[in-house]
Structures are given as C-alpha cells and as structure tokens.
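First up is the structure itself, then whatever we jot down about it.
All residue numbers in this chain count up from 1 along the given sequence.
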Amino acid sequence: MAPESRRLGGGRPSWNLDGWAMSPPRLRALAAQQGAPLLIVEGAMGALDAAADGSGSAADVAAALGAPLLLVLDVSGQGQSAALAPAGLRALRPDVPLAGAILNRVASPRHEAIARSALASRGVTVFGAVPRSTGLHLPSRHLGLVLPAEVADAEAVVSRAAEIVAAHVDLEAVCASALPLALAGGTGARLPPPGQRIALAEDAAFVFTYPHLLADWRARGAEILPFAPLDDHGPPAEADAVFLPGGYPELHAGRLAASEMFRHAMEAAVARGAVIWGECGGYMALGEALVDAEGRSHRMLGMLPLVTSFAERRLTLGYRRLAPRATCPWQMPLAGHEFHYATIRQEGTADRVFDATDAAGEALPAMGLACGRVAGSFAHVIGPMEPRE
C-alpha cells in the first residue's frame, strides 16, 4: 500500500492483489484494469504462505489469474536442495503452472552449475542466476522498507539492480513464459466512497493507501483531493469526507503536533459535518496524543478519546473480518488487515466501530472508536468481504 506515485522499479503505480480479501472475479477485474502488456505480480512471503485459514497465497492469486509462477530461489547455502522448492510446489499445487526459476545469491560459477543441474534434471527451466552482492540493499524499518523519498540513492540502487538482473537473467525468455490472463467472470464487489469530494492525507506520515479503493471511488464519481498535513495543509473546504490513511505518524509526531492549519481545517471539516475516517496511523492522529519511541507525548487532533504509544511496542499482525456497527461509514461485511507496532495506552468512552474476527474465525475484541461522524480503527479496510469461488 502506498500513495499514487510512480514506482522506481516499474515506473507506474503498484496495486495490491489480495487473495484472501478479494474474490477471484475481483482479482481478475483489478488485473484487467492495469492496461499493461505484461503484468508482474510480486508474491508476499513464499508461494504457498497464506492467511490463518489457509487461503490467500501467491499460488491462489496465480490460480485465479491463470498466471504461471516464477520462483526466485535464494540458493545461498544450497546446491541440489534448490530443487526441493519447485518439486514441492508441483506436488502441492499442480493446478498452478510453473514457468521456471531464477537463482538468487549465487556464490560462484560452480555453485550455479550445481543448482542449475539439480533443477534441470527435474524439468525446471532456469532463467538465470543472480550473483551474491553487497551493493543491492535498501534500508528497512518497522512495517517494511524505508520510503524511496527518504533514501538518497534509491534510484541508483534500483538502476544497479536492473543492470545486474539484465546481465544475468534471460529477460526475453521470462517475458515469453507469460500466459494470457484469465479475465472472465465478473468484477467483484467494490467499496463505495465515503463522500463525493474526499480529502486524502498524502505525505510521509500518511502513505498506506490502497490504489484500488481510490480507483473505485473515482469510478463512482468521487473526486480525490490530496493534501499534506506535514506541510501544514488541511482538507479543502469543499470536502465532504476526509480520509487519514495509515503511515508513520510516530516518526513525524512533532511536526503534526505543530501543524495548526491542519488542525483548524480538520476542526472545520468536523463542524460542517464531513465524514472523517482514520485507519492505523490516521487513527492515531485522530486521538488525543501520540507517545513516540523516546517516550515523548505529542498532541494530536483530539477528535477521538485515544492515546497511542510507540514507546511500548507490540506487533499486531493479521487479517480481519469486520462487521460494521452503525458508526462505520460502510454498512457491509468488510475485509481488513492489521499491521502495527503501536499500542493503546489510554481509551476514553466512545462507540465502537467494528465487531471483528481473525482470518480463522476467532473472535477479537470490538475495534475502533467513533464520536459523531469521526471514526477510525487500527484496521486497514481492503474492501467488501466477498465469498470465494
């Protein structure tokens, strides 16, 4: 998830295809919207890793799209054992075609030859072998990679990676292994817009927006009005809804606390009855205070009786089935996801937003807080919860 900005690697916006939260028709419809001659889908984790209920793996997405899998195998410390992963994939998911493999972190020509031979003897095409390199590194932090805008040499790292891959991988053969997408079968459910003029917070503190939601809202006639709280900008006066997405408010809490124009514009939006929705980092910003990693407390918008802390860190991670209460902007079963280290230090009296279970159906405490038309929770809403084929 990220704002609608161009990607360093692909040169175009990157969309999320989620095999747990989205039905196969929804996956196919989103793939068709890309309008690109070649669709490259990066799998999260391993090919068969899935949600707690066993669904949503990269292999599931490939099956829904009719796309072959290309395994990138980290063969450091492996020789003949490199053949185990493709053999296991074929045995466990015979419904998903295997295009082949790329060997990664290869130590030497001899190492490459051993791994290639092991795969070739089992009929697995090897498209190339990328040598081990210390120069291909992007820094990371909690929740993922450091944002490209914060990395001085990000473009140089990506360019260097492209040069290395082009020199060691048969990219023409990789492209030739692609298959036509299976695009028939409906469009899937879409999340309606929370308003018709939606002010969207978009800067280094608020970065985790699902592009498919913005596209769906625009398709319903909604206008997206970006603004940057860190530049002390607030939602435009014409906005009838304000969306504060997730991000890193804990890294910019001081600037947010000092952004008086942002605060006044948010108060004006509440006064005119706009729908205010914050999720994860945006939810924290709607609270009374945010305690940073050093234990310093920063004043937030004060629209929800909530104090969150990054000083007392605890990982919360997982899919969520969300049953909205009357306080939620959407009145339909929703699919969501939690991924945060921040904890709740203090909560006041307010209405809850969701009843929730995890992916396995285990009941969770009611989520979120709402005061009037201001609401939010730690869950990122992905879209309507759809039945799977």
Side-chain angles (χ1 to χ4, degrees), residues 2 7-11 14 16-17 38-50 57-62 67-93 96-148 150-178 315 317 339:
R7 291 298 185 211
L8 289 178
S14 176
N16 292 73
L17 300 178
L38 181 67
L39 185 67
I40 300 173
V41 182
E42 178 190 7
M45 304 185 295
L48 301 182
D49 291 320
S57 67
D60 287 343
V61 174
L69 280 173
L70 172 59
L71 297 180
V72 179
L73 301 177
D74 182 349
V75 296
S76 58
Q78 295 184 5
Q80 288 87 351
S81 295
L84 288 174
L89 179 64
R90 283 173 166 169
L92 295 172
R93 291 301 300 262
V96 182
L98 176 63
I102 295 173
L103 308 180
N104 194 25
R105 299 184 69 192
V106 174
S108 67
R110 182 174 180 274
H111 182 201
E112 176 184 342
I114 292 172
R116 275 184 178 272
S117 176
L119 291 170
S121 68
R122 290 158 179 81
V124 179
T125 300
V126 177
F127 293 107
V130 179
R132 186 180 300 162
S133 173
T134 59
L136 299 181
H137 173 74
L138 287 171
S140 62
R141 64 160 68 101
H142 60 282
L143 308 186
L145 290 173
V146 171
L147 300 177
E150 301 176 57
V151 180
D153 59 347
E155 292 190 14
V157 173
V158 172
S159 295
R160 177 60 178 153
E163 292 172 359
I164 292 175
V165 170
H168 294 90
V169 177
D170 187 345
L171 296 178
E172 289 188 3
V174 169
C175 293
S177 72
L315 174 62
L317 173 65
F339 185 12

Report summary line: What one should report as the nearest heavy-atom pair of R90 and R122 is NH1-O, 2.9 Å
Query - Shortest non-hydrogen contact from A178 toward P68 - result: CA-CG, 4.4 Å
**Report entry** For the student: nearest non-hydrogen atoms of L119 and A82, plus distance
**Finding:** CD2-O, 3.6 Å
Query raised in the report: Between L71 and A47, which heavy-atom pair has the shortest distance, and what is it?
Result: CD2-CB, 4.3 Å
Requested in this report: Using the test side-chain hydrogen bond (donor to acceptor under 3.5 Å, both in side chains), find all partners of Q78 that sit at least two apart in sequence or belong to another chain.
Outcome: none
Show me the side-chain donor-acceptor pairs of residues 96-108 shorter than 3.5 Å, one per line, residues at least two apart or across chains.
residue: R105; atom: NH1; partner: D74; partner atom: OD2; Å: 3.2
residue: S108; atom: OG; partner: H111; partner atom: N; Å: 3.1

Query raised in the report: Any idea which heavy atoms bring E112 and A129 closest together, and the distance?
Result: CD-CB, 3.4 Å
Query - More than 12 heavy atoms from other groups under 6.0 Å of CD on E163 - result: yes
Report task. Decide side chain to side chain contact (heavy atoms under 4.5 Å, CB included) for C175 and L38; before the verdict, give the C-alpha distance in whole Å, the side-chain angles of both, and the deciding distance to 0.1 Å. Result -> CA-CA 8 Å; C175 293; L38 181 67; 3.8 Å; yes
Requested in this report: Could you check S14 against E42 for side chain to side chain contact (heavy atoms under 4.5 Å, CB included), going step by step and ending with a plain yes or no?
Outcome: CA-CA 10 Å; S14 176; E42 178 190 7; over 6 Å; no
Query - Any donor-acceptor pair under 3.5 Å from S117 side chain to I114 backbone - result: no
**Report entry** Heavy-atom closest pair, residues L171 and A166
**Finding:** CD1-CA, 4.0 Å
